[in-house]
Amino acid sequence: MTIVAVPAGWPATEEEARAVQDELRGRVVLDEPGPRPGSGHVTGVDVAYDDGLDLVAAAAVVLDAATLDVVAQATAVGRVSFPYVPGLLAFRELPTVRAALDRLPCPPGLVVCDGYGLAHPRRFGLASHLGVLTDLPTIGVAKNPFTFTYDDPEPARGGCAPLLAGAEEVGRALRTRDGVKPVFVSVGHRVGLAGAVAHTLALTPRFRLPETTRRADALCRQALRQATAALAGGPAQGSTRRAPAPDGGAGVPAHGSAS
DNA sequence: GCGACAG
DNA sequence: ATCTTGTCGC
């Protein structure tokens with residue numbers, strides 16, 4: 001198992017990281033409507049951490065946007081590249097997430113991130129950051145309102161209300177299931193807010209969180225378990241090499257896995 | 001000045 | 001994010 005290296009020149013301090021955000025945010029594209037919901041690919045990305053071993057595992061899971069069937073998936077394991085600081089999440093997750101995306105055998109289409117895009121103190125959350133680095137269309141779907149405010153949406157699925165930074169709408173609080181706490185949707189890159197909301201609803205036929213996020217969450221946790229096990233018992237003799245794993249924990253699921 | 005704060 | 005038992009419900 002290879003461990004993703006932190007890129008050369010990656011910010012080491014909060015000041016440097018904020019400067020990078022201020023420099024890159026001008027490259028965010030906000031005037032494209034984005035992919036049509038229900039067509040092409042939709043890819044979920046997520047990460048899981050092992051603080052003790054300083055590891056982060058990332059997963060990218062590609063779904064068919066029409067059927068929500070898994071089309072492909074990939075994982076990557078890296079060193080944690082930045083401490084957790086609210087507003088600087090991207091610097092902690094992006095190198096490993098990008099590695100997982102690079103390992104996909106097909107184009108990701110729209111990328112759905114676990115967190116924020118424009119809804120960010122400097123309007124450059126991890127979904128926007130990932131979008132600028134890859135030029136892929138991205139959105140952010142977060143579980144918490146962060147520092148933003150909102151009025152409670154109507155209780156039925158589809159109910160939504162502006163997510164506000166003062167008087168500025170930076171996203172939407174969107175009810176994805178009847179009577180459950182809303183999720184917080186914001187634009188990342190090359191997608192409009194209406195499209196981001198429509199995609200989120202298309203991805204939540206059964207649960208509060210998008211299928212993309214749920215699949216990526218399950219896969220990155222599995223990859224982390226595998227990585228911690230390998231680091232604990234595997235390399236005790238240096239570079240013990242075993243027979244190639246059936247799939248290395250990544251790749252396309254078995255043929256005919258569709259229901 | 002102090003607290004809150006995506007994951 | 002992550003630590004964690006039982007518990008309620010489909």
Side-chain angles (χ1 to χ4, degrees), chain A residues 6 11 14 17-18 20-21 24-25 28 44-61 75-98 100 111-132 138-150 163-166 168-174 176-189 193 196 200 205-210 212-229:
Chain A
V6 175
E14 297 184 22
R18 291 192 192 95
V20 169
Q21 292 181 327
L24 293 182
R25 69 178 160 190
V28 175
V45 294
D46 194 17
V47 301
Y49 302 100
D50 185 307
D51 293 327
L53 292 176
D54 193 41
L55 289 180
V56 52
V61 180
T75 63
V77 176
R79 257 2 152 172
V80 172
S81 49
F82 207 84
Y84 172 66
V85 179
L88 302 178
L89 233 201
F91 298 94
R92 189 168 165 77
E93 310 196 336
L94 284 194
T96 314
V97 166
R98 289 196 69 180
V111 178
V112 180
C113 298
D114 194 1
Y116 281 118
L118 261 198
H120 178 273
R122 286 167 296 284
R123 305 295 178 266
F124 197 68
L126 78 133
S128 297
H129 200 147
L130 179 63
V132 164
T138 61
I139 67 173
V141 180
K143 299 180 285 294
N144 299 294
F146 199 9
T147 62
F148 306 107
T149 60
Y150 64 100
L163 186 64
L164 300 171
E168 178 184 2
E169 176 172 339
V170 293
R172 295 271 169 76
L174 174 68
T176 55
R177 305 300 308 160
D178 291 351
V180 306
K181 174 180 174 176
V183 297
F184 304 91
V185 180
S186 59
V187 160
H189 180 64
L193 185 52
T200 303
R206 189 163 155 68
F207 299 104
R208 175 185 177 235
L209 297 180
T212 39
T213 299
R214 293 167 43 78
R215 301 313 262 264
D217 180 73
L219 184 59
C220 70
R221 291 190 197 218
Q222 174 188 305
L224 182 64
R225 287 196 300 271
Q226 177 183 311
T228 49

Between A/Tyr49 and A/Tyr84, does the ring centre distance come in under 6.0 Å?
-> no
Please confirm whether A/His129 and A/Phe91 have ring centers closer than 6.0 angstrom.
-> yes
Gap between atoms [atom1] and [atom2], on [X] and [N] respectively (whole Å):
X	N	atom1	atom2	value
A/Asp50	B/dG7	CG	C1'	15 Å
A/Arg225	C/dC3	CZ	P	11 Å
A/His129	B/dG7	NE2	P	18 Å
A/Phe124	B/dA6	CZ	C1'	15 Å
A/Leu174	B/dA6	CG	P	19 Å
A/Leu89	C/dA1	CG	C1'	9 Å
A/Arg18	B/dC5	CZ	C1'	12 Å

Any Lys/Arg nitrogen of A/Glu168 or A/Arg123 sitting under 4.0 Å from an Asp/Glu carboxylate oxygen of the other?
-> yes
For A/Gly171, does its backbone N or O pair with a side-chain atom of A/Ser186 as donor and acceptor, under 3.5 Å?
-> no
For B/dG7, does either OP1 or OP2 sit under 4.0 Å from a side-chain N or O belonging to A/Lys143?
-> yes
Would you indicate what A/Gly87 reaches in the nucleic acid, counting non-hydrogen atoms under 4.0 angstrom: base, sugar-phosphate, or nothing?
-> base
Would you mind classifying the nucleic acid contact of A/Asp46 as base, sugar-phosphate or nothing, using non-hydrogen atoms under 4.0 angstrom?
-> sugar-phosphate
Stacking of A/Phe184 on B/dA6 base (centres under 5.5 Å, planes under 30°) | no
Which nucleotide sits closest to the side chain of [X]: [options]?
X	options	answer
A/Arg221	B/dC5, B/dA6, C/dT2	C/dT2
A/Asn144	C/dT2, B/dA6, B/dC5	B/dA6
A/Glu93	B/dG7, C/dA1, B/dC5	B/dG7
A/Leu224	B/dG7, B/dC5, C/dT2	C/dT2

